[in-house]
Amino acid sequence: MSKTIKHQTGFMLLETMVGLLLFSIGILGMVSMLVMSMKASSEASYRSEASYLANQILAQMWVDRANLAAYALNPTNPVGTCVAGASASGNTDVTNWLADIAKLPNGDALQPQILVDALNNNTVTVTICWQSPNSSVHKFVVTAAIN
């Protein structure tokens, strides 16, 4: 009987170590999923905010249809691109809107764009760009016909 006990010495310690290893791998997997979930939630929040801001300026344009051309912003930029630089407008509604855009990550460094095509049924295209830390540039584009 004492011979059997000598062969089993340390076996319980080995089982405990293997159990801790498996538990640690599981915990690390859950933590990495949590980090990815938080990043995805943050990106979804930025997309939602960009959507809200685009709809906000479109609603303002609907109300002020007579002055639609005054809402044009950065019309010389290539269509739908995210160009670095500051934006300015003589329209107070657009200026206030730009202050809200600046709240997006890097929103003040990437120029939003509002294109007004009066020849094509007053089609308006709004492009909003932002860049989260450690990620690529994101953009939200919405097009509407304002009659």
Side-chain angles (χ1 to χ4, degrees), residues 8-147:
Q8 292 181 0
T9 304
F11 187 70
M12 186 152 67
L13 179 62
L14 182 62
E15 283 181 334
T16 304
M17 297 291 280
V18 170
L20 282 174
L21 175 68
L22 292 175
F23 180 75
S24 298
I25 290 172
I27 292 295
L28 285 175
M30 287 177 32
V31 168
S32 70
M33 283 187 350
L34 177 66
V35 169
M36 289 173 49
S37 172
M38 289 173 56
K39 183 178 177 183
S41 175
S42 155
E43 289 298 328
S45 172
Y46 297 141
R47 278 192 303 276
S48 175
E49 183 68 18
S51 171
Y52 170 77
L53 291 169
N55 286 318
Q56 181 184 34
I57 197 67
L58 284 172
Q60 186 62 42
M61 293 169 83
W62 269 98
V63 171
D64 193 17
R65 284 186 291 241
N67 299 316
L68 211 51
Y71 286 87
L73 180 67
N74 300 317
T76 58
N77 290 355
V79 176
T81 58
C82 300
V83 179
S87 298
S89 175
N91 186 321
T92 56
D93 291 328
V94 175
T95 303
N96 294 336
W97 181 72
L98 286 171
D100 291 338
I101 294 285
K103 294 174 186 172
L104 288 171
N106 232 3
D108 54 345
L110 298 168
Q111 294 181 346
Q113 186 178 47
I114 301 174
L115 300 176
V116 179
D117 187 358
L119 300 175
N120 189 12
N121 204 21
N122 283 337
T123 302
V124 177
T125 303
V126 178
T127 303
I128 299 174
C129 302
W130 71 94
Q131 183 176 15
S132 307
N134 301 324
S135 75
S136 60
V137 174
H138 301 279
K139 70 178 174 180
F140 180 82
V141 180
V142 64
T143 303
I146 299 178
N147 295 322

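Note that the structure is a prediction, hence the values are computed from the model and not measured.
Of all heavy-atom pairs between L68 and V116, the closest is O-CG2, 3.6 Å. Residues Q113 and N77 share a closest heavy-atom pair of NE2-O, 3.1 Å. Closest non-hydrogen pair, F140 versus A54, comes out as CE2-CB, 3.8 Å. For the residue pair T95 and S89, the shortest heavy atom distance occurs at OG1-O, 3.1 Å.
With sequence neighbours excluded, the residues that form a side chain to side chain donor-acceptor pair (under 3.5 Å) with Q131 are N106. Here S51 pairs with nothing under the side chain to side chain donor-acceptor pair (under 3.5 Å) rule; sequence neighbours left out. With sequence neighbours excluded, no residue forms a side chain to side chain contact (heavy atoms under 4.5 Å, CB included) with P133. Every residue meeting the side chain to side chain contact (heavy atoms under 4.5 Å, CB included) condition with V141, not counting sequence neighbours, appears here in chain and number order: T125, T127, K139.
Residues Y52 and I128 have side chains not in contact (no heavy-atom distance under 4.5 Å, counting atoms from C-beta outward). Looking only at side-chain heavy atoms (C-beta outward), V126 and P112 stay at 4.5 Å or farther from each other.
Sorted by first and then second residue, the salt bridge (charged side-chain N to carboxylate O under 4.0 Å, His left out) pairs involving residues 103-132 (not counting sequence neighbours) are D100-K103. Residues in residues 63-75 take part in these side-chain hydrogen bond (donor to acceptor under 3.5 Å, both in side chains) pairs, two or more places apart or across chains: D64-N67, D64-Y71, Y71-D93, N74-S87. Within the structure, the side-chain hydrogen bond (donor to acceptor under 3.5 Å, both in side chains) test picks out no pair touching residues 16-39 (sequence neighbours left out). Residue pairs satisfying the disulfide bond (SG atoms under 2.5 Å apart) criterion with at least one member in residues 115-147, sequence neighbours excluded, are listed as follows: C82-C129.
Between the side chain of T81 and the main chain of V83, no donor-acceptor pair closer than 3.5 Å is present.
In this structure, CG in N55 is found 12.5 Å from CH2 in W62, a value given to the nearest 0.5 Å. Note that CH2 of W130 is 10.0 Å distant from CG of L53, once rounded to the nearest 0.5 Å.
Results of the side chain to side chain contact (heavy atoms under 4.5 Å, CB included) test with V124 over I57, I114, V142 single out I114 as the only residue that passes.
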Extract all donor-acceptor atom pairs below 3.5 Å that involve side chains of residues 42-49 and protein atoms in other chains or at least two apart in sequence.
from	atom 1	to	atom 2	distance (Å)
E43	OE1	H138	NE2	3.2
E43	OE2	S132	OG	2.6

